[in-house]
Amino acid sequence: MKILVINCGSSSLKYQVIDMATKNAIGKGLVERIGLAGSVLTHRTKSGAKEVITAEIPDHTVAIKLVLEALVSPHYGTIEDLKEICGVGHRVVHGGEKFSKSVLIDDPVMEALEECVELAPLHNPPNIAGIKACQTMMPGVPQVAVFDTAFHQTMQPKSYIYGLPYEYYQTYGIRKYGFHGTSHKYVSQRAAVLLQRPLSELKLISCHLGNGASICAIRGGKSIETSMGFTPLDGLMMGTRSGALDPAIVTYIMNKENLTVDQMNDFLNKKCGALGVSGISSDFRDIEVAAAQGNARAQLALDIFEHDVRQFIGSYAAVLGGVDGIIFTAGVGENSASMREGICNNLEYIGVDLDIEKNKVRSEEVDVSKPNARCRVLIIPTNEELMIALETNDLIR
Ligand code: ADP
């Protein structure tokens with residue numbers, strides 16, 4: 001049983017074929033510059049060998065066609081026949097309030113997805129284009145949509161309603177949705193396995209710290225609070241995104257800098273965060289190197305991020321009424337021992353007792369707490385593709 005997982009961006013497409021018997025990716029790749037000059041498909045085989053295919057790729061349909069050809073290539077392919085693909089799982093960023101779990105795609109679902117475009121105008125259209133392309137190129141193969149927002153649909157109104165006139169929620173759908181749900185769900189399930197306790201009994205705080213970063217309070221396997229909001233701009237300061245701000249700053253900067261709405265949106269998403277503070281890079285590796293060399297603003301960016309994460313952990317401990325485990329995942333969470341150590345500093349009051357030596361690992365699924373720590377600190381590499389494949393597999397069976 002093999003599942004194709006597709007993640008479409010506006011000009012890119014990532015894919016993996018996952019063998020459900022072993023849960024391993026047996027082929028994966030990336031199409032870049034769709035609709036632009038210099039489009040390219042980079043395919044990796046099971047052994048990790050790389051094949052670069054340059055071609056004109058004007059749209060997602062052509063991209064999917066090339067991916068499918070690469071998958072069955074006699075030279076570097078992954079499978080012998082496309083018939084081996086039993087289903088396709090699509091990452092869809094925004095499911096609004098319509099989708100609280102993954103769904104098998106049919107015509108009414110496609111209509112509902114179109115209605116969610118307004119909430120994620122940059123992300124949902126390429127996701128939909130990818131689904132349509134697969135429907136065209138792989139007729140009869142079941143397609144499943146897996147949403148970044150679905151996991152957070154268990155939040156209560158007191159968590160997701162903003163202090164705005166209630167009509168804005170009713171009319172425009174303005175509320176907290178939360179993102180990275182597939183990742184938070186996956187790592188919380190793995191945490192239960194690692195801790196050898198039922199998920200239904202656990203109070204967990206999942207810290208997905210990558211370029212985009214969000215934190216989630218999970219009780220009994222359900223999201224009850226999360227740091228991203230109406231859009232993925234909210235919450236923590238991130239690589240290039242500001243995170244939460246006094247809302248009055250937005251209009252203040254627009255006035256001072258004479259910015260249009262679109263320019264301001266671009267500014268908050270692409271020029272702020274760790275990049276804006278450090279003035280060096282949005283990449284935490286570069287910032288850590290600069291800070292180690294004595295760059296004060298790089299150090300400040302790291303300090304802000306660490307402080308932000310610790311603040312959320314503290315507030316989520318209050319919301320959960322205790323914490324059994326803190327999970328670190330994604331680029332920074334999985335790889336930066338110093339960031340994890342910094343964040344865990346001062347968390348003794350909730351039972352954290354980090355083993356500094358054990359913590360010096362990267363991308364391993366491991367408990368890095370001292371034996372008697374009440375609140376366990378776990379590193380769990382996320383695997384959103386596998387989670388999408390598992391949900392797809394469940395729905396098509
Ligand atoms: P996304 O999927 O949101 O693009 P990732 O989860 O891949 O992001 O995380 C990317 C971030 O992880 C980058 O800022 C990168 O610098 C950071 N990162 C990766 N490895 C390390 C490391 N060893 N130390 C610190 N940061 C790291």
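Both ligands and their constituent atoms are indexed starting at 1 by order of listing. As the structure is a computational prediction, the values presented were derived from the model and not from experiment. Reckoned from all heavy atoms, side chains included, excluding hydrogens, waters and symmetry mates.
Residues passing the ring pair (Phe, Tyr, Trp, His ring centres under 6.0 Å) test with F267: none are found, sequence neighbours excluded.
Judged as a ring pair (Phe, Tyr, Trp, His ring centres under 6.0 Å), not a single pair has a partner in residues 46-69 (not counting sequence neighbours).
Ionic pairing of K370 and E348 is not present here: no N-O contact between side-chain nitrogen and carboxylate oxygen is shorter than 4.0 angstrom. Between K176 and E225 there is a salt bridge, since a side-chain N of the basic residue sits under 4.0 Å from a carboxylate O of the acidic one.
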Side-chain donor-acceptor distances from residues 326-338 under 3.5 Å, at least two apart:
from, atom 1, to, atom 2, distance (Å)
T329, OG1, E334, OE2, 3.2
T329, OG1, I380, O, 2.6
T329, OG1, T382, N, 2.9
E334, OE1, S363, OG, 3.4
E334, OE2, A330, N, 2.9
E334, OE2, T382, N, 2.9
N335, OD1, R362, NE, 3.4
N335, OD1, S363, OG, 3.4
N335, ND2, G331, O, 2.7
S336, OG, E288, OE2, 2.6
S336, OG, S338, OG, 3.4
S336, OG, M339, N, 3.2

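Annotation: ligand 1 has protein neighbours G210, N211, G212, S282, D283, F284, R285, E288, A330, G331, V332, N335, S336, R362, each with a heavy atom less than 4.0 angstrom from the ligand.
Relative to the ring axis of Y177, R175 places its NZ or CZ within 45° and under 6.0 Å from the centre.
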